[in-house]
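Just below is one structure, and these are the notes that go with it.
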Amino acid sequence: MIGLKSSQKIAICVMVLCVVLAAAMMTTYALFSDGKTAENHIAAGSLKIELEQTAMTGNALAADGTMTEYDGFVGPVDLTESDAPVFELENICPTLWREATFEIGKGVSTVAFDSSVTVLKPVAGDAASEALLSQLKVTVSSGDGFADVTTFMLSEVGDEGKKVDLGTTLLTDSAPKQFKIKVEFVDSDDNNAAMTGSVSFDIVVLATQSIE
Amino acid sequence: MKTKSLRNSIIAMSVCIVLCTAMLIGATYAWFTDGATNSGNVITAGTLKIDAFAYDAVDTEQGGMSVTIAEGDVTGTFNFESEGQNLKEDTTPIIDNVTIEPGDTEAYARLVEVVNNGNLDAKVKLHFDVTEDGLAGALWFDFVQVDDEGIVVGKMTKRPMSTLSALAEKAEFVVAAGKSLKYVFLFGMNDPDTVGNEFQGKSFGMDVVVLASQNVEGAEYAEYVVESADEMTAALAEGGSIKLAADIELQSIPVAEDGVKIDLAGKKLVLSGTPLTRAAQGYRDTKIANGQTLEIVGGTVELKGNDFQTSALSIEGGKLVLDDVDLISAGTAITVIGNGSELVVKDSTINTTDYGCCVSTNASGAENDPIDITIDNSELVCAYVDGWTSVGVLMNVPGKLNMKDSTVKGGLSAVVVRGGDAVLENCTLERPYTPKGFGNLGPESNYNMNENWGSGNDLPLSTLLVGNRSTSYQYATNVELIGCTITAAAEGAKTVYVYGNATEEIGASLTYDSATVITPADKSIEPVIVGGGYVTVNGEVVSQ
């Protein structure tokens, strides 16, 4: 390019950019191309998971004031279809807890995928609710035997939410991936400050195609 | 210049390629995704709100509740005013200016109503602080439960007024959400035949506290807030949680069967003790027996009247927790003496002001071990009295001693481990004092070095003393030091001295890591001295 004018150099640069972009696009399509078939059939894969709540355990206040085993769950619940919240607890008291069990199925996915669960930043309106946030302990258990345990207080969830990776689901996996979320109103000296408090939060389960 | 233009063009192209590659990589990450959101999870805490009202009796029906007691020691109809006294807002005594004379057979009545205005079931208890100078012996009382219509539930029975507090302590009622509980409190003077002149001029007073907690197994009542010795004594009798609103002085802490938690709330609790109380309790002021827990948090405790041998706080099978407490002790502060006794000291200080140990055990019998001592982020300092009597932590029985991030300063020793397993992590042990009045005992470096050790603190001087040399104390001693600093200031003062019992099973072992620094000020003294017996140091047998 010795002897070229500046405008020519710029033109060359733009051409190179276009070539590289085209190469990039070609490369992307190459992920799903198959040159062995006679008809050059190209089909995109899919990632469509199934998310079910399969159980809810915990305790509940009995009429005599004792804590009894919670048995109110009717399921399983397909959470990809249902709008019903998993945790809807009114008039809870210290030591009350609930633990939901979830399954992530492969659905019609044709690719391996990584999944995660995120508890989004909860909403709390007043001082009592803020106090309640600091007394609600969340435990996410996953992995073999639910041995991978992540624990945090709802008050610790920031603007970006609290994300817990659940690992990879391979196409060869025969069983759906399971995880649990437990919410517990812990016993503390400040329980009275949380009286009448109310908090709400969303839970997001996200699956992303797994890449090396 | 042309060469430079070419270079610039190549750089520009490279930048383009890098940018495009970056875009390509970025595009790669936009792979397939799917997800589900579960919205609107709501958790709402319940409410526990108790209100209490008192209604005076009136001569004629005025639209309030009318109660007819048909059975029992007292019968009749009692009418009550329609508007009660809200006990949360109005602190006027519900029984005031009642003058009772011998021969007065009237039954005085107040209607007490406890209302659960919350949405959780509550359990309710009445707590009475009685102040009297003998008149209680001439009075009777009873609580008669009535329903919402004023119909009596049960039978009226005159009970000695002296039993009021104890009876109330045992009584616990459940009030469902939105419901109320009503009792007629009846009281009067005993039969004239039993009431003589000895009651003239006497008085009787009481404070009533309505305590409520959620009706759930394990829920505790709110703290008793006390601001006098009398109030605290009454609260201690019932146990539970007590919070100080003022500095208070008691002789000792009688620990309730179910244990007690004392929140000092920045105040000072003085336990003065007396020879009498110590004698009555085995020469110790406050005993924490098997199954009991005494937890003291957040303030200052001063122990008076105790000395080297009469500790103020004695754990005899129970558990003592000091959390964020500054403990000042005239003598030995804490003895961990019973089988299974447990001591936890965290974020606290213990300072002796005279001869004494901050923490001691007692090897007088097998019933005194094993014990479990945990000291975390705390400072234990023995006062400089003579520099060769007091010990910071003296453990001479089997058990566990776990110390972390703590400093201990002693005279004879900072820490003695004559039995059991001790792990000291990031601890500083100091013996900063020069012995005074050592007299004809000779140089401290020779004291108790050529004969069997005695009992108690009749031991060689060393900042950390490990093991045993005698025919008693026949148990193993294992000490592990992690990142510790051990010093001794005086001339000839030893830092670490180890002596083992005769055999491997009951010998002494010491291990310390490379971060542990052991430095006697007297450079002629070896940092670690092994006297004899079966001893291993860092896994190697160095004496047997």
Side-chain angles (χ1 to χ4, degrees), chain A residues 1-4 6 9 12-13 16-17 20-21 23-24 27-28 45-49 51 61 63-67 79-80 83 85-95 107 109 111 113 128 132 136 183 185 187 192 194-209 211, chain B residues 2-3 5-49 118-123 174 176-177 213-220 222-223 241 261 263 297:
Chain A
M1 290 200 285
I2 296 172
L4 293 178
S6 295
K9 293 174 187 172
I12 290 172
C13 287
V16 170
L17 178 62
V20 174
L21 276 174
T27 306
T28 305
S46 67
L47 174 53
K48 184 72 175 174
I49 63 165
L51 178 64
L61 260 180
D64 63 357
T66 56
M67 286 290 191
L79 295 176
T80 56
D83 293 331
V86 173
F87 296 101
E88 191 168 23
L89 308 173
E90 290 186 352
N91 295 331
I92 70 165
C93 59
T95 72
S109 298
V111 293
F113 59 87
L132 182 60
L136 288 173
V183 178
F185 191 176
D187 186 9
N192 275 354
M195 215 183 287
T196 73
S198 182
V199 303
S200 62
F201 58 96
D202 296 347
I203 299 169
V204 176
V205 175
L206 184 66
T208 306
Q209 184 182 350
I211 56 173
Chain B
K2 289 180 179 177
T3 303
S5 296
L6 175 61
R7 190 184 303 124
N8 288 344
S9 299
I10 293 172
I11 290 172
M13 285 190 290
S14 301
V15 170
C16 287
I17 292 169
V18 169
L19 282 172
C20 293
T21 306
M23 291 169 66
L24 176 61
I25 294 171
T28 305
Y29 278 109
W31 286 29
F32 296 143
T33 61
D34 190 19
T37 299
N38 184 256
S39 303
N41 295 282
V42 178
I43 298 175
T44 306
T47 308
L48 185 70
K49 186 176 187 301
N119 52 26
L120 296 170
D121 290 358
K123 57 182 178 183
V174 174
S213 80
Q214 194 186 337
N215 184 33
V216 176
E217 202 171 358
E220 295 180 352
E223 296 169 319
S241 295
K261 176 181 178 181
D263 181 357
V297 304

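We name chains A, B, ... by the order of the sequence lines, and we start the count at 1 in each one.
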- Distance, nearest 0.5 Å, that separates CE of A:Met195 from CG of B:Leu120: 8.0 Å
Chain B contact via [X] - side chain, backbone, both or neither, heavy atoms under 4.5 Å:
{"X": "A:Phe201", "answer": "both"}
{"X": "A:Leu132", "answer": "side chain"}
{"X": "A:Ile203", "answer": "both"}

- Task: Not counting sequence neighbours, which residues clear side-chain contact (heavy atoms from CB on, under 4.5 Å) with A:Asp202? List them please.
- Result: A:Leu120, B:Thr37, B:Ser39
- Task: Taking the side chain as every heavy atom from C-beta outward, state whether A:Ser200 and B:Asn41 have any atom pair closer than 4.5 Å.
- Result: no
- Minimum heavy-atom separation for A:Pro85 to B:Gly40, with atom names? CB-O, 3.4 Å
